[in-house]
There are 2 protein chains.
Amino acid sequence: MRDVWVIGIGQTPIGELWDKSLQDLAVEALGAACLDAGVEKPDALYVSNMLAGQLIGQKHLGAFIAQGMGWTGIEASAVEAACASGGVAFQAGVRAVASGLMDTVAVCGVEKMTDETSGRTVTAGLATAADADYEVDQGVTFVALNALMMKRYMHEYGVPHRVFGEFSVNAHANGAANPNAMFRQPISVDTYLNAPMIAPPINLFDSSPICDGAAAVILASREVAENLSQVVPVRVLADSTATDCLSLHARRNPIFLDAARASAFRAYEQAGIGPEEVDLFEVHDAFTIMSTLSLEASGFAEPGQGTALAAEGEIRIGGRLPICTMGGLKARGHPVGATGVYEIVDVVTQLRGQAGANQVPDATIGMAQNIGGTGATVVTHILALE
Amino acid sequence: MRDVWVIGIGQTPIGELWDKSLQDLAVEALGAACLDAGVEKPDALYVSNMLAGQLIGQKHLGAFIAQGMGWTGIEASAVEAACASGGVAFQAGVRAVASGLMDTVAVCGVEKMTDETSGRTVTAGLATAADADYEVDQGVTFVALNALMMKRYMHEYGVPHRVFGEFSVNAHANGAANPNAMFRQPISVDTYLNAPMIAPPINLFDSSPICDGAAAVILASREVAENLSQVVPVRVLADSTATDCLSLHARRNPIFLDAARASAFRAYEQAGIGPEEVDLFEVHDAFTIMSTLSLEASGFAEPGQGTALAAEGEIRIGGRLPICTMGGLKARGHPVGATGVYEIVDVVTQLRGQAGANQVPDATIGMAQNIGGTGATVVTHILALE
């Protein structure tokens, strides 16, 4: 296998972007990434998206986005693993370069959740990440599934709701200084405690927003990367995906993410490091309960201790394990099929030392974890400054 | 890059399978492929599907199908490139093994088109392969787009409709002896000529059917394959994808498949062969016009001469270039997201000498071409008896 480097990153600001189409967003992010990398036309394009077929009636996004870029002829396709789609697209890019088939590859995650022109609601769209027969047809929404996990966690470990607040407070504090974040206002613990309820115990500030956005990266082999002198080299150390049952009732333990455990520990093995060597961790904080479970499964806290890590201030920039350093899914935003690529962009931004007020000091190893459904697909990537 | 071998194949019969769910179909095909390969649990699973999100409200099919197989924990994800999804999933499998990351990989294409439980029709679903803004929103269906291409072709080359009939007659002749084919009755030229019109000039026998089915293959590295003594070794010689504009109006020439030309000729280069060395060709005959254009773009006939190749009997088993040897999309069936994997299964069946009454004599090199949309994504694979 060849070494794979990230040589370009690009993103759109996240928000309710009524004036931009899906293709507009993807082209904006890819254009920025190409400019950053000094690459005009890559050998291939991998697109991640979850909802365009259902919400706006457009599938076949590989060729569609390539057309938007004027990249007629190149290999292009799309991947899908619910909210873990972005991580899987990055993986497809890594494999294409690692195998020797491609020298430069573009990866683009794009999602437009605020359009519902094809008659399906975004709530129904998001529910397709769960088991249609055993969960969705029984009337449960995707938020409600996370609420079941959170309620069970609180019961099992005797943890009150308020201790999850630090995840939200941290995300908003970091989002405030990220010009691409959807929410740029810090919040207090009181704001969290007094937020409207969505699906008990999940309140508004436990939840990431519905939004639009696109992020892109350019990957290259070491040989190509070394010929592009302006590039700050960031190498992909590990690329690992693991799965679990879609439906909560079929899991070994509904409040432990077996797939995150498998994915993270395979990634540590590939990278030849342990969790203690990770300088920052882009967590999939779709809901505060997911942050907690991800930290525990990935070896950063014992089961039941994830919220304690947060309460001790260790997840802040300057703490032992900064997470959601650019605002995370909660404040930067969660355009579902794009999120995994945004996470990679955030890690690369940190490793390059380009995170401004949010810079994690001396960051050399960063990890991103992208979670699909309530934990059925987990993709972990570890990147390092070369 | 490591050599990649196909060591197992499996498929369900194709039809209107009301008594089987999407997961049932996938599990049946994967189970057969694993049994054929002598593999219990592969390292990874790649699923191809186009319509499950829209028609039955189930996405996240990588983890979902892995759960169905009891393969909890493995890497699994899904790809999408409209009707070319199957070819792209096979490609993901090839890359995973070629790169050295995986030793055995399962690929499964599955589609259930006869369920419309989520309120969207299959016609609307299929149209998402085309450009939503420039084509579908103007009222054109996917069949109508193919009809525009066929009409233009007939006008440009002065070809009458009846000459396309041989593609349909050949497909039905071959489907008759394939126990997995949806249509097993031979048809005459008269049947073709008197068929009801769908979208002029496309009639019922120019068109492939709406149906359900799943196909699967197991891939392995040479080292693993050589340790499984029962395997008849079939090697992947070439794996090539190219794209073109989704919308017909944006193409260089609406009746020449530039993406098929690029994909096929890159594949010949990878394989180190020319088109004259291909012993059989599984063509993407979603419509008879697509067979014609595919043969021309892939170097088997000059532009305007594709139907002549058929008329001369050269596409029959025993002819110069047998196509659709197990019935093709027309008679074997076209469960859209699964079709690319069925094509690979058909090629492997022929190369192994297991095609029964449909056996192409002395077949050692087979090609499969899977087309998405009206030609926006084209995936070509060449396989050879080792």
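The analysis underlying the following values was restricted to heavy atoms, covering all of them including side chains, and did not include hydrogens, waters or symmetry mates. A, B, ... follow the sequence lines: proteins, then strands. Residue 1 opens every chain.
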Just so I understand: if I count every heavy-atom pair under 4.5 Å between each of [options] and chain A, which residue has the most?
| options | result |
| --- | --- |
| B:Thr128, B:Val136, B:Asn49 | B:Thr128 |
| B:Ala376, B:Cys245, B:Ala242, B:Ala81 | B:Cys245 |
| B:Ala262, B:Ala129, B:Gly100 | B:Ala129 |

Query raised in the report: Hey, is the main chain of B:Ala130 close enough, under 3.5 Å, to the side chain of A:Gln58 for a donor-acceptor pair?
Result: yes
Report summary line: Rounding to 0.5 Å, atoms OG1 (B:Thr243) and CG (A:Leu45) come to a distance of 8.0 Å
Is the count of non-hydrogen atoms from other residues, nucleotides or ligands lying under 6.0 Å from [X] atom [atom1] greater than 12?
| X | atom1 | result |
| --- | --- | --- |
| B:Phe256 | CZ | yes |
| A:Glu223 | CD | yes |
| B:Phe265 | CZ | yes |

**Report entry** Contacts of residues 59-70 of chain B with chain A (heavy atom under 4.5 Å)
**Finding:**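 The stretch touches chain A at B:Lys59, B:His60, B:Leu61, B:Ala63, B:Phe64, B:Ala66, B:Gln67.
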Query - Any residue meeting side-chain hydrogen bond (donor to acceptor under 3.5 Å, both in side chains) with A:Thr241, in chain and number order, not counting sequence neighbours - result: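 Partners of A:Thr241 under the side-chain hydrogen bond (donor to acceptor under 3.5 Å, both in side chains) test: A:Gln91.
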Side chain from CB out, backbone as N, CA, C, O: work out which of these in [X] comes under 4.5 Å of a heavy atom of chain A, or both, or neither.
| X | answer |
| --- | --- |
| B:Asp244 | both |
| B:Arg266 | side chain |
| B:Asp131 | both |
| B:Ser247 | both |
| B:Val88 | side chain |

Query - chain B contact residues among residues 73-80 of chain A, heavy-atom distance under 4.5 Å - result: A:Gly73, A:Ile74, A:Glu75, A:Ala76, A:Ser77, A:Ala78, A:Val79, A:Glu80
Query raised in the report: Could you name the residues of residues 17-26 of chain A that have a heavy atom within less than 4.5 Å of a heavy atom in chain B?
Result: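 Near chain B, by residue number: none.
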Query raised in the report: If we only count heavy atoms from C-beta on, is the A:Leu101 to B:Asp239 side-chain gap below 4.5 Å?
Result: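 Sidechains of B:Asp239 and A:Leu101: in contact.
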Requested in this report: May I ask you to name which of A:Cys83, A:Gly57, A:Ala98 has the most heavy-atom pairs under 4.5 Å with chain B?
Outcome: A:Gly57
Report task. Using a cut-off of under 4.5 Å on heavy-atom pairs, state which of A:Asp133, A:Leu246, A:Val379 scores highest against chain B. Result ->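 With the most close heavy-atom pairs to chain B, the winner is A:Leu246.
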Report task. Could you tell me which non-hydrogen atom of A:Gln54 sits nearest to which non-hydrogen atom of B:Gly53, and how far apart they are? Result -> OE1-O, 3.6 Å
**Report entry** A:Arg2 portion near chain B, given a 4.5 angstrom heavy-atom threshold
**Finding:** neither
